[in-house]
Engineer: 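One structure follows; several queries about it will come next.
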Protein chains: 2
Amino acid sequence: MNIDPLFTYINRFVDLTEEEKGILASQVTVRKYLKNQFIVQQGDVCRFENFVLSGCARTFHVDKEGQEHIVMFAIENWWISDLGSYLSQTPAFYNVQCLEATEVVQFPFENLEQLYEKIPKLERFFRIIIQKAFVASERRIVRNYSLSAKERYLEFRKQYPAIEQRVPQYMIASYLGMTKEFLSKVRSQLISDQ
Amino acid sequence: MNIDPLFTYINRFVDLTEEEKGILASQVTVRKYLKNQFIVQQGDVCRFENFVLSGCARTFHVDKEGQEHIVMFAIENWWISDLGSYLSQTPAFYNVQCLEATEVVQFPFENLEQLYEKIPKLERFFRIIIQKAFVASERRIVRNYSLSAKERYLEFRKQYPAIEQRVPQYMIASYLGMTKEFLSKVRSQLISDQ
DNA sequence: AAGGGATGTTAATCTAGTTTAACATCATTG
DNA sequence: CAATGATGTTAAACTAGATTAACATCCCTT
């Protein structure tokens with residue numbers, strides 16, 4: 001499978017020359033996962049940063065009570081990994097599991113420093129996308145505190161309509177920080193509202 | 001005031017030459033704010049990224065009901081701004097207000113691109129610190145969902161003992177996503193526990 | 001086509017945390 | 001030093017959302 005979607009994505013932020021594309025292509029690999037397979041498992045060291053070419057995956061943490069807490073979903077053109085684990089090569093706090101057959105471009109940790117050396121623009125690229133991710137994450141914290149369950153669900157539907165179609169409802173409830181029963185109630189209220 | 005604490009901080013991640021320090025010093029300014037002054041106001045465009053030399057400040061959002069939600073505190077050696085507003089020069093989502101007289105090093109947005117050009121290492125530096133901030137922010141989301149109010153308070157005390165001393169209790173409650181009355185109850189429970 | 005696992009709904013009961021309100025303490029400033 | 005505003009406490013009444021449990025649906029798979 002070709003990795004053009006990755007180049008297209010990167011070129012939204014920095015311009016890669018053909019030579020740089022070649023170097024990048026030589027340092028990454030494409031891998032296919034089946035539905036339900038794990039790309040990262042909590043406790044293992046995360047070896048790759050992954051760019052999704054096709055499919056859908058979730059990142060979640062299992063707490064000491066055994067509760068799952070989903071922190072993100074990823075579909076085409078999203079990045080997914082346990083960044084904390086990847087960067088410091090320490091045990092992962094999260095699981096990353098495929099919800100559909102999923103194809104990713106993998107950036108092995110061992111190649112990362114070389115990649116930054118050979119293509120300094122990538123330093124800039126990753127800075128920019130992580131800044132965006134950080135801003136979104138902080139805003140999510142505020143939303144979680146300031147919005148009701150119903151409002152959070154409506155925001156989610158507006159912001160990620162594509163994801164809502166592809167992911168079971170109980171996982172959306174987990175992402176939104178409520179029980180699946182309560183999300184079901186919220187939804188039935190919304191239906192009777194209009 | 002000299003900006004050596006900034007250089008010390010940056011040198012934990014990348015090595016700046018004396019020349020680079022000179023360039024950096026020429027592109028930033030030091031500013032003092034009084035207690036209660038605003039470094040950024042919600043709705044204005046955030047013009048500076050700020051590094052705290054001394055003092056203490058908070059970042060908070062006021063929602064449509066007029067509720068305040070504190071997303072972070074900053075003391076010496078922390079960064080504070082509305083990053084989303086700063087990077088895209090759009091109206092700020094947050095307020096940044098000093099809780100004590102506070103001295104900061106300001107990185108004006110106009111100088112940022114030049115600074116990256118003249119000192120490419122800074123690209124790397126900011127990538128690294130923002131990665132850390134992002135990882136912390138995502139973990140905070142999980143903690144907010146998986147821990148009780150009491151547990152969140154204990155975590156906060158353990159993680160930021162210096163901040164707890166300097167900030168009024170009702171602001172800590174806001175940071176932790178609970179009412180000041182409930183935090184007071186949690187605290188009195190903790191006292192009677194032991 | 002039958003059976004079983006995964007998903008979704010409904011409703012009763014429960015609880016962590018909110019709201020409201022009254023009061024206590026303390027620091028600042030006039 | 002009196003007064004005022006900012007901070008912190010306590011307790012009663014309330015509510016958003018959790019828990020539990022029973023049932024409904026919709027798949028896959030054999």
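A, B, ... follow the sequence lines: proteins, then strands. Residue 1 opens every chain. None of these values were measured; they are calculated from a predicted model.
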Engineer: Going by side chain to side chain donor-acceptor pair (under 3.5 Å), name the residues that satisfy it together with A:Asp4, two or more places apart in sequence or in a different chain.
Structural biologist: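 Listed in chain order: A:Asn2.
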
Engineer: Take a 6.0 Å sphere around NZ of A:Lys132 and say whether it holds more than 12 heavy atoms from other residues, nucleotides or ligands.
Structural biologist: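 Counting other residues, nucleotides and ligands, NZ of A:Lys132 stays at 12 neighbours or fewer.
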
Engineer: Each residue besides A:Val40 in its hydrophobic cluster should be listed here, by chain and number; the cluster joins Ile, Leu, Val, Met, Phe, Trp and Tyr at side-chain heavy-atom distances under 4.5 Å.
Structural biologist: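 Direct or chained contacts put A:Val40 with A:Tyr33, A:Ile39, A:Val52, A:Ile80, A:Val96, A:Val104.
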
Engineer: Please encode protein proximity along nucleotides 20-30 of chain C as a string of B, S and -, counting only heavy-atom distances under 4.0 Å.
Structural biologist: BB---------

Engineer: Run the side-chain contact (heavy atoms from CB on, under 4.5 Å) test against A:Phe51 and tell me which residues pass, sequence neighbours left out.
Structural biologist: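 Testing A:Phe51 for side-chain contact (heavy atoms from CB on, under 4.5 Å), a comparison that skips the adjacent residues, returns A:Pro5, A:Leu6, A:Tyr9, A:Leu53, A:Asn77, A:Trp79, A:Val105.
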
Engineer: Suppose the criterion is salt bridge (Lys or Arg N to Asp or Glu O under 4.0 Å): which pairs have a residue in residues 36-47 of chain A, not counting sequence neighbours?
Structural biologist: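 Found A:Arg47-A:Glu110.
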
Engineer: Looking only at side-chain N and O atoms, does A:Ser188 come under 4.0 Å of OP1 or OP2 in C:dT9?
Structural biologist: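 Checking A:Ser188 against C:dT9: no side-chain N or O falls below 4.0 Å of OP1 or OP2.
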
Engineer: What is the distance from CG of A:Leu183 to P of D:dT19, rounded to the nearest Å?
Structural biologist: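 Distance, rounded to whole Å: 15 Å.
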
Engineer: In whole Å, I'd like the distance from the CG atom of A:Asn36 to the C1' atom of C:dG5.
Structural biologist: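 Roughly 13 Å, once rounded to whole Å.
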
Engineer: What is the distance, to the nearest angstrom, from the CZ atom on B:Arg187 to the C1' atom on D:dT10?
Structural biologist: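 That distance rounds to 14 Å.
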
Engineer: Tell me whether B:Glu164 is salt-bridged to B:Arg187, with the criterion being a basic N under 4.0 Å from an acidic carboxylate O.
Structural biologist: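 Salt bridge flag = yes for B:Arg187 with B:Glu164.
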
Engineer: What are the residues of residues 59-76 of chain A, sorted by number, that bring a heavy atom to within less than 4.0 Å of DNA chain C?
Structural biologist: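 Under 4.0 Å from DNA chain C: no residue of residues 59-76 of chain A.
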
Engineer: CZ of B:Phe182 versus C1' of D:dT15: gap in Å, rounded?
Structural biologist: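 Value for this atom pair: 14 Å.
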
Engineer: Please give, in whole Å, the distance from C:dA16 C1' to A:Met178 CE?
Structural biologist: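 The distance from CE of A:Met178 to C1' of C:dA16 comes to 17 Å, rounded to the nearest Å.
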
Engineer: How are the rings of A:Tyr86 and A:Phe109 set to each other: parallel, tilted or perpendicular (split at 30° and 60°)?
Structural biologist: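 Ring orientation, 0 to 90° scale: perpendicular.
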
Engineer: Do the rings of A:Tyr175 and A:Phe156 sit parallel, tilted or perpendicular, given the 30° and 60° boundaries?
Structural biologist: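 A:Tyr175 and A:Phe156: tilted rings.
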
Engineer: Considering residues at least two apart in sequence or located in another chain, which fulfil the side chain to side chain donor-acceptor pair (under 3.5 Å) criterion with B:Thr179?
Structural biologist: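 Testing B:Thr179 for side chain to side chain donor-acceptor pair (under 3.5 Å), a comparison that skips the adjacent residues, returns none.
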
Engineer: What nucleotide among C:dG17, D:dA18, D:dT9 has an atom nearest to a side-chain atom of A:Lys185?
Structural biologist: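 Taking heavy atoms from C-beta onward, the closest nucleotide is D:dA18.
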
Engineer: Taking side chain as C-beta onward, heavy atoms only, is A:Cys98 less than 4.5 Å from A:Asn36?
Structural biologist: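 Sidechains of A:Asn36 and A:Cys98: no contact.
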
Engineer: For B:Ser26, give me all partners under side chain to side chain donor-acceptor pair (under 3.5 Å), at least two apart in sequence or on another chain.
Structural biologist: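 B:Ser26 satisfies side chain to side chain donor-acceptor pair (under 3.5 Å) with no other residue.
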
Engineer: Examine B:Phe93 together with B:His61 and report whether their ring centres are nearer than 6.0 Å.
Structural biologist: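 So the answer is yes for these two rings.
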
Engineer: Could you list all the ring-ring contact (aromatic ring centres under 6.0 Å, His included) pairs where at least one residue sits in residues 132-152 of chain B, not counting sequence neighbours?
Structural biologist: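 Non-adjacent pairs meeting ring-ring contact (aromatic ring centres under 6.0 Å, His included): zero.
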
Engineer: To which residues is A:Leu34 joined in a hydrophobic cluster, defined by side-chain heavy-atom contacts under 4.5 Å among Ile, Leu, Val, Met, Phe, Trp and Tyr, whether direct or through other members?
Structural biologist: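 Answer for A:Leu34: none, a lone residue.
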
Engineer: Which whole-number value in Å describes the distance from A:Gln189 CD to C:dA11 P?
Structural biologist: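 Interatomic distance, CD of A:Gln189 to P of C:dA11: 12 Å.
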
Engineer: To the nearest angstrom, how far is B:Leu190 atom CG from D:dT9 atom P?
Structural biologist: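 In whole Å, D:dT9 P and B:Leu190 CG are 12 Å from each other.
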
Engineer: Provide, to the nearest angstrom, the distance between the CG atom belonging to A:Leu99 and the C1' atom belonging to D:dC27.
Structural biologist: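 Those two atoms, CG and C1', are 17 Å apart.
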
Engineer: Expected output is a numbered-order residue list: members of residues 146-177 of chain A with a heavy atom under 4.0 Å from any atom of DNA chain D. What is it?
Structural biologist: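 A:Ser148, A:Ala149, A:Arg152, A:Gly177 - these, ordered by number, are the residues of the stretch whose heavy atoms sit under 4.0 Å from the strand.
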
Engineer: In degrees, rounded to 10°, what is the bend between the two ends of the helix from C:dA1-D:dT30 to C:dG30-D:dC1, using five pairs at each?
Structural biologist: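 Axis angle across the helix from C:dA1-D:dT30 to C:dG30-D:dC1, nearest 10°: 40°.
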
